[in-house]
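Within every chain, numbering begins at 1; the chains are lettered A, B, ... in the order of the sequence lines, protein sequences first and strands thereafter.
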Number of protein chains: 2
Amino acid sequence: MRIVIADDSVLLREGLSRLLAEVGHNPVAAVGDGEALVDAVEAHQPDLALIDIRMPPTFTHEGAVAATEVRRRWPAVGILLLSQSIEGRYALELARSHPQRFGYLLKDHILDVSVLADAIATVAGGGTVLDPDVVAQFLGRRSTLERIDALTAREQDVLAAMAEGRSNRAIATRLSLTDKTVETHIGSILTKLDLLPQPDDHRRVLAVRAWLDRTAPGGNDDRRRPPP
Amino acid sequence: MRIVIADDSVLLREGLSRLLAEVGHNPVAAVGDGEALVDAVEAHQPDLALIDIRMPPTFTHEGAVAATEVRRRWPAVGILLLSQSIEGRYALELARSHPQRFGYLLKDHILDVSVLADAIATVAGGGTVLDPDVVAQFLGRRSTLERIDALTAREQDVLAAMAEGRSNRAIATRLSLTDKTVETHIGSILTKLDLLPQPDDHRRVLAVRAWLDRTAPGGNDDRRRPPP
DNA sequence: GCAGGGATCAGGGCTAGCCCGGGGGTTCGA
DNA sequence: TCGAACCCCCGGGCTAGCCCTGATCCCTGC
């Protein structure tokens, strides 16, 4: 099977190249960033692209973004994403919208080369391979979104202000309420987000994280609702 | 001047189209997502692309990502980004790395069409136009990174745990410290991040935001340092 | 040897934030 | 008409978190 490898780490992509050759695959190119990945797929028309999500220039999502481009232009090319830990929106969106010939594994969970070889075979055969932790995170995020959607408009106003790092008093001033009312809304927010009192949790921070994470990646402000 | 417009809102892109025509420009295409933007630039070879950062499918950064693609493939095409509020890493990275023929305006700050027309003229002429708030945010983010880099390793451990929503007690347990020591570290963190007591601020949340924002967009874990 | 930085810990005080119980008003659908 | 949902507000109690002061120890560089 013809495979293109994209990973900014020279050692890793060259190592993977040799590893795949040992198990009978044909690594036709090994590149270090998203643009080069797209160029290599165009040049070599591989069966599958093995892609690290984080690549230059920002080392955040270039791999996943390039993977989206590869899927758009060459739908028959299998895509197998790799990362150190679970990454945000783009990769999960690609999994949701184009699950065929798609895989997402965590590097630390690939304990021997057979795991990788099996995943490659499955993806190239048209199937989907997702690390269990990736699935769990995906479901968890869906659940967080649903919970935030279940907040009332006022509660979302309060939570948005909390997420800006405003104190209760500042929130009250901004929304023309008393401190007491803000406390009441915050209590409802924590309950609806299922953030019950736990000695190990800082629940306000967790609520703020939920709000910020609903727009990952890069959410600094309100997410626009998709048109109906 | 030939202009391509990209905004998912039909009303806005059609309105912009007419507005630009009134002031003497030639809007050659008006599209609703990043892919269509790239296709339109390819088809029409405009002088400038006017791009809303948030477009489908995730309504987060597709505009900025597509803008990066446009800049890569057609460096002579001016790029003018628009958004409701300041967006994260991609747009600012594009401004930093390719400032010529580039602009970034906040929609709410365009108080009349002459502001837009002036920006278009400047960008098409090879210059750079940045909303002052955008500049301030960019500088603020640089400053935040520097401050976080100035924390000791231990302080960064504590801040990372805070950002996970852990309570002081849980942080102490995890790092084998007493509550008192965690409090001391948090005090140092707040001081070094210049988060002085203010009645309107929830300083712990602001410190957590600083930590999370250092890896924007999509930072769920450690940022990888770019190779030297 | 000494100063500075980092790490750890303690006693004690204060308060913003959380929460319990309670209350009132408006709107909408069954 | 009534109940549910939403919004707003109060009195009162409790505590996690913050901060002041102070202390000790270790390491490094001058």
TODO: Can you sort out the partners of B:Asp194 under side-chain contact (heavy atoms from CB on, under 4.5 Å), two or more places apart, ordered by chain and number?
DONE: B:Arg147, B:Leu196
TODO: Grab the CG-P distance between B:Leu151 and C:dG5 for me, whole Å please.
DONE: 16 Å
Task: Pairwise 5' ranking along DNA chain C for A:Ser167 and B:Leu177, keeping only the more 5' one - done: B:Leu177
Open item on the list: Would you compute the distance between atom CG of B:Asp52 and atom CG of B:Leu80 and round it to the nearest 0.5 angstrom?
Closed with: 11.0 Å
Open item on the list: In this structure, how many angstroms lie between the P atom of D:dC6 and the CG atom of A:Leu175, rounded?
Closed with: 17 Å
Task: Test: A:Glu14 and A:Arg18 ion pair at under 4.0 Å - done: yes
TODO: Mind checking the OG1-OH spacing from B:Thr128 to B:Tyr104? Nearest 0.5 Å is all I need.
DONE: 15.0 Å
Task: Whole-Å distance separating the CG atom of B:Asp179 from the C1' atom of D:dC18 - done: 12 Å
Open item on the list: Between A:Arg166 and B:Asp200, does any NZ, NE, NH1 or NH2 come within less than 4.0 Å of an OD or OE carboxylate oxygen?
Closed with: no
TODO: Grab the CG-P distance between A:Asn168 and D:dC18 for me, whole Å please.
DONE: 14 Å
- [ ] Taking only heavy atoms on the protein side, list every residue of residues 180-195 of chain B lying under 4.0 Å from any atom of DNA chain C, sorted numerically.
- [x] B:Lys180, B:Thr181, B:Thr184, B:His185
- [ ] Scan B:Leu19, B:Leu50, B:Ile5 and name whichever one has a side-chain contact (heavy atoms from CB on, under 4.5 Å) with B:Pro27.
- [x] B:Ile5
Open item on the list: Let's see if you get this right: which residues in residues 198-208 of chain B place a heavy atom under 4.0 Å from DNA chain C?
Closed with: B:His202
TODO: Take atom CG of B:Leu159 and atom P of D:dC18, then tell me their distance rounded to the nearest Å.
DONE: 12 Å
Task: side-chain N/O A:Thr178 vs D:dC8 OP1/OP2, d < 4.0 Å - done: no
TODO: Identify whether the distance between the nearest side-chain nitrogen and carboxylate oxygen of A:Arg174 and A:Glu164 falls below 4.0 Å.
DONE: yes
Open item on the list: Quick check for you: to the nearest 0.5 Å, what is the distance between B:Ile186 atom CD1 and B:Arg204 atom CZ?
Closed with: 4.5 Å
TODO: Provide, to the nearest angstrom, the distance between the CG atom belonging to B:Asp157 and the P atom belonging to C:dG6.
DONE: 14 Å
